[in-house]
Amino acid sequence: MSTKSFDAVLEANNQYARNFGEKGKLAMPPARHFAILTCMDARLDPAKYAGLAEGDAHVLRNAGGRATDDAIRSLVISHKLLGTNEWFVIHHTNCGMETFSDEIMSTLLDDNLATANFDGKAWSNPKHGGGSVCGHFIN
Ligand SMILES: [Zn+2]
């Protein structure tokens with residue numbers, strides 16, 4: 001089954017791959033010997049804000065640019081096996097992670113699993129029921 005988004009991403013990827021050219025010969029270790037851990041915020045483009053091209057650096061992203069166990073695992077691999085010698089943790093203004101706490105997330109997920117709404121001050125569920133206690137294990 002295909003979606004409109006999937007088709008668009010697939011087409012963009014096909015075009016990207018067709019134009020990849022000599023970049024296919026880049027070495028696996030990052031040429032600029034650094035890694036960036038940053039937020040997954042869709043408004044941010046690490047390649048643009050850090051002046052990166054393919055092959056330059058490792059870029060790790062998660063909600064809030066947190067140094068989670070998984071992010072640290074990747075950074076250790078980046079250094080130990082791929083030669084990075086600097087890591088930058090880059091946060092940003094107006095991060096969505098500033099809008100809720102672990103308690104708010106757990107409460108929302110306990111109630112319902114659909115995407116919540118944010119009115120600029122507080123989060124709420126558009127409908128109720130069908131939630132999960134698993135939200136208590138997300139932090
Ligand atoms: Zn953010």
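Atoms within each ligand, like the ligands themselves, are counted from 1 in listed order. The first residue in the sequence is number 1, and the count goes up from there.
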query = What residues form a side-chain contact (heavy atoms from CB on, under 4.5 Å) with Asn112, not counting sequence neighbours?
reply = Ala114, Asn125, Lys127
query = Side chains of Arg61 and Cys39: does their closest heavy-atom pair fall under 4.5 Å?
reply = no
request  = Might you work through the side-chain hydrogen bond (donor to acceptor under 3.5 Å, both in side chains) test for Thr84 and His33, ending with a clear yes or no?
outcome  = CA-CA 4 Å; Thr84 59; His33 308 289; over 6 Å; no
query = Which word best sums up how the rings of Trp123 and Phe118 line up, parallel for under 30°, tilted for 30 to 60°, or perpendicular for over 60°?
reply = tilted
inquiry  = Quick check: do Arg43 and Asn94 have side-chain heavy atoms less than 4.5 Å from each other?
reply    = yes
note = Protein N/O/S atoms closer than 2.8 Å to the Zn ion (ligand 1), ordered by chain and number, come to Cys39 SG, His92 NE2, Cys95 SG
query = Is there a side-chain contact between Met105 and His136, using heavy atoms and a 4.5 Å cut-off?
reply = no
